[in-house]
Amino acid sequence: MIKYFLGSYLVTIFGLIMAYLWGEHVHNGTGLTCVFIAFVLAVLEVSLSFDNAVVNAMKLEHMSEKWRHRFITWGILIAVFGMRFLFPLLVVAIFAKLNILKVLDMALNDVHSYAHYLHLTHAPIVSFGGAFLLMLFMDYFTEKNKDIHWIKGLEDRLQKFHRIPGICTLVTLLALGLLMYEIPPEIRGTVFMSGVSGIIIYLIIDGLAEWMERRQEEKMRLNPDAIKCSGIVGFMYLELIDASFSLDGVLGAFALSKDILIITIGLCIGAMFVRSLTIMLVEKKTLDSYIYLEHGAHWAIGTLAVLMFVSTFHEVPEVVTGLMGLAFIVAAFISSLIHNKKVKKNAIEGQ
C-alpha cells in the first residue's frame with residue numbers, strides 16, 4: 001500500500017501545512033479550522049470518486065507505463081490547477097464578462113461575490129459534464145461485442161440499441177431537449193449549447209481513440225510516433241472523464257468553504273488519492289478479478305449524468321450523488337465475489 005499511496009501521503013502532509021499557514025495568514029487563529037475543512041473536502045473527494053477510479057483504471061490498462069506515470073504527474077497538475085483552480089476562474093470570467101485577473105482578485109478577496117458568480121454558471125457547467133458522461137454510459141452499454149452483463153435483462157436490452165446508428169448522441173440530445181422544459185427560458189440557450197459541446201468533445205476524443213486503435217491493429221509492429229499519439233489521445237480522454245466527474249464536486253465544495261485556496265488544497269489531496277487508487281487497481285489487475293466492477297462504475301456514471309441534468313433546475317445534495325455511485329460500486333463488487341465463488345466451486349466439482 002505504501003508503494004501506491006506514498007505520494008498521496010506526502011501531498012496530504014504538505015497540503016494541510018499550507019492550509020494551516022494560509023488560514024493563519026488570512027485570519028489569525030483560523031489555521032486549524034482551515035486544516036479541518038481541507039481534510040473534510042479531501043475525504044469527500046475520495047469517497048465520491050470510487051467510480052471515477054474504476055473507469056480510469058479501465059482506460060489506463062491499455063496505456064504504456066510512461067503514460068501511466070504521466071497520468072499521475074501531468075494529470076494531477078491538470079486536475080488540481082486546471083480543474084479545481086483555473087477552470088472555475090475561467091468560467092466566471094467568460095460568463096460574467098470580466099477580466100480573469102479581476103476574477104482571481106475577487107476569489108481571493110471577495111469570496112462571496114465570486115461564489116455568487118460561480119453559482120450563476122452552475123447550470124451550463126453541469127450540462128456539459130452530464131452530456132459527456134451520458135455519452136460515456138451509453139457507449140459502454142451499447143457496445144456491439146459486449147459479452148459480459150451484470151444486470152442481465154436490462155443490459156442485454158441496452159446492448160441491442162447498437163443497431164441504431166448514432167444512438168448515444170440521439171439519447172443524449174433527447175435528454176437535453178427534455179431538460180429545456182424544466183430550466184428558465186433565459187438560460188436555455190446557454191445550457192443547451194454547453195450540453196451539445198459535451199457531446200461534440202466526447203465524439204472527437206472517442207473517434208480519435210478508435211482510429212488509433214484500428215491503426216495499431218493494422219500494423220503488426222508499432223512505430224514510436226504511433227505509440228506516442230495513442231498515449232496522448234488516451235491521456236486526453238482520461239483527463240476529460242476526470243474533469244466531467246469533478247465538475248459537480250468543485251461547485252459543491254463551496255458549501256463547505258468560500259476560500260478557493262482551501263478548496264483547491266482539499267480537492268488536490270483527494271484527487272491524488274484517487275489517482276493512487278487507480279494505479280493500484282491497474283497494477284493489481286483488480287478489474288480482471290472482479291468482472292462486474294466496470295459495470296457498476298458505468299451505472300454510477302449514468303446516475304451521475306442524470307443527477308447533473310437534474311441539478312440544473314433542482315438542487316441535488318453531494319451526499320446523494322456520492323452514495324448512489326458508491327452503492328453501485330459496492331453492489332458490483334459483491335456480485336463479482338459471488339461470481340468468483342461460483343466459478344471456483346464449479347471448477348472443484350468438475351475435477
Side-chain angles (χ1 to χ4, degrees), residues 49 51-63 67 71 75 78-79 82-83 87 90-91 123-146 158-159 161-180 190-215 229-251 278 294-295 297-312 321 325:
S49 300
D51 46 359
N52 191 5
V54 174
V55 173
N56 286 348
M58 185 180 71
K59 303 297 180 183
L60 213 61
E61 281 184 339
H62 305 291
M63 295 174 68
W67 281 100
F71 176 70
I78 295 171
M83 281 307 302
F87 177 77
L90 283 172
V91 167
I125 290 174
V126 295
S127 67
F128 174 91
F132 187 92
L133 291 179
L134 186 57
M135 289 287 291
L136 179 61
F137 167 83
M138 287 298 300
D139 200 23
Y140 179 78
F141 285 111
T142 57
E143 184 181 343
K144 181 179 180 180
N145 298 319
K146 192 169 177 292
L158 279 172
Q159 188 182 20
F161 281 106
H162 79 267
R163 302 166 186 166
I164 305 175
I167 184 60
C168 302
T169 304
L170 289 173
V171 169
T172 308
L173 284 173
L174 177 61
L176 282 171
L178 293 173
L179 188 61
M180 296 302 104
T190 305
V191 170
F192 186 78
M193 289 308 300
S194 295
V196 170
S197 299
I199 295 172
I200 293 172
I201 293 296
Y202 180 86
L203 290 173
I204 291 172
I205 296 297
D206 189 58
L208 281 172
E210 287 186 5
W211 178 74
M212 282 296 176
E213 287 177 6
R214 287 197 301 269
R215 186 182 178 189
C229 285
S230 181
I232 289 173
V233 172
F235 180 80
M236 291 169 58
Y237 193 52
L238 275 174
E239 289 305 315
L240 279 169
I241 291 174
D242 180 72
S244 299
F245 269 103
S246 67
L247 289 175
D248 216 26
V250 171
L251 297 171
T278 298
E294 289 182 18
H295 300 70
H298 281 85
W299 278 110
I301 287 172
T303 302
L304 177 58
V306 171
L307 291 177
M308 278 185 164
F309 283 146
V310 171
S311 72
T312 59
T321 304

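Closest non-hydrogen pair, F161 versus I167, comes out as O-CG2, 3.5 Å. Of all the heavy atoms in G195 and A131, the pair that sits closest is O-CB, 3.2 Å. Nearest approach of A305 to G130, heavy atoms of both residues: CB-O, 3.4 Å. Of all the heavy atoms in A123 and V191, the pair that sits closest is CB-CG2, 3.8 Å.
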Exercise. Given the rule in the side chain to side chain contact (heavy atoms under 4.5 Å, CB included) test, do L134 and I301 qualify, once you have shown the distances and angles that lead to the verdict?
Worked result: CA-CA 7 Å; L134 186 57; I301 287 172; over 6 Å; no
Exercise. Between C168 and T142, does a side chain to side chain contact (heavy atoms under 4.5 Å, CB included) hold up when you go through it step by step?
Worked result: CA-CA 8 Å; C168 302; T142 57; 3.7 Å; yes
For this session: Give the intermediate values and the outcome of side chain to side chain contact (heavy atoms under 4.5 Å, CB included) for residues L178 and F309.
Result: CA-CA 10 Å; L178 293 173; F309 283 146; over 6 Å; no
For this session: Any chance you could lay out the side chain to side chain contact (heavy atoms under 4.5 Å, CB included) test for M135 and L203, step after step, and finish with the verdict?
Result: CA-CA 9 Å; M135 289 287 291; L203 290 173; 3.6 Å; yes
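Atom CZ of residue F141 and atom NE2 of residue H295 lie 6.5 Å apart, to the nearest 0.5 angstrom. Distance check, rounded to the nearest 0.5 Å: CG of L133 to OH of Y202 gives 10.0 Å. Atom CD1 in I200 sits 13.0 Å away from atom CZ in F132 (nearest 0.5 Å). Rounding to the nearest 0.5 Å places CZ of R163 at 10.0 Å from NZ of K144. L307 contributes atom CG, which lies 11.0 Å from atom OG1 of T312 (distance to the nearest 0.5 angstrom). Here the straight-line distance linking atom OG1 of T169 with atom CG of L174 works out to 12.5 Å at 0.5 Å rounding.
Judged purely by atom type and a 3.5 angstrom limit, E143 has no side-chain atom pairing as donor or acceptor with the backbone of Q159. Although no hydrogens or angles enter the test, the distance criterion places no donor-acceptor pair under 3.5 Å between the side chain of E294 and the main chain of V54.
Residue M180 qualifies as enclosed at atom CE: its count of foreign heavy atoms under 6.0 Å is above 12.
Aromatic rings from F137 and H298 are positioned such that their centres are separated by 6.0 Å or more.
Looking at heavy atoms from C-beta onward, I199 lies in side-chain contact with L176 at the 4.5 angstrom threshold.
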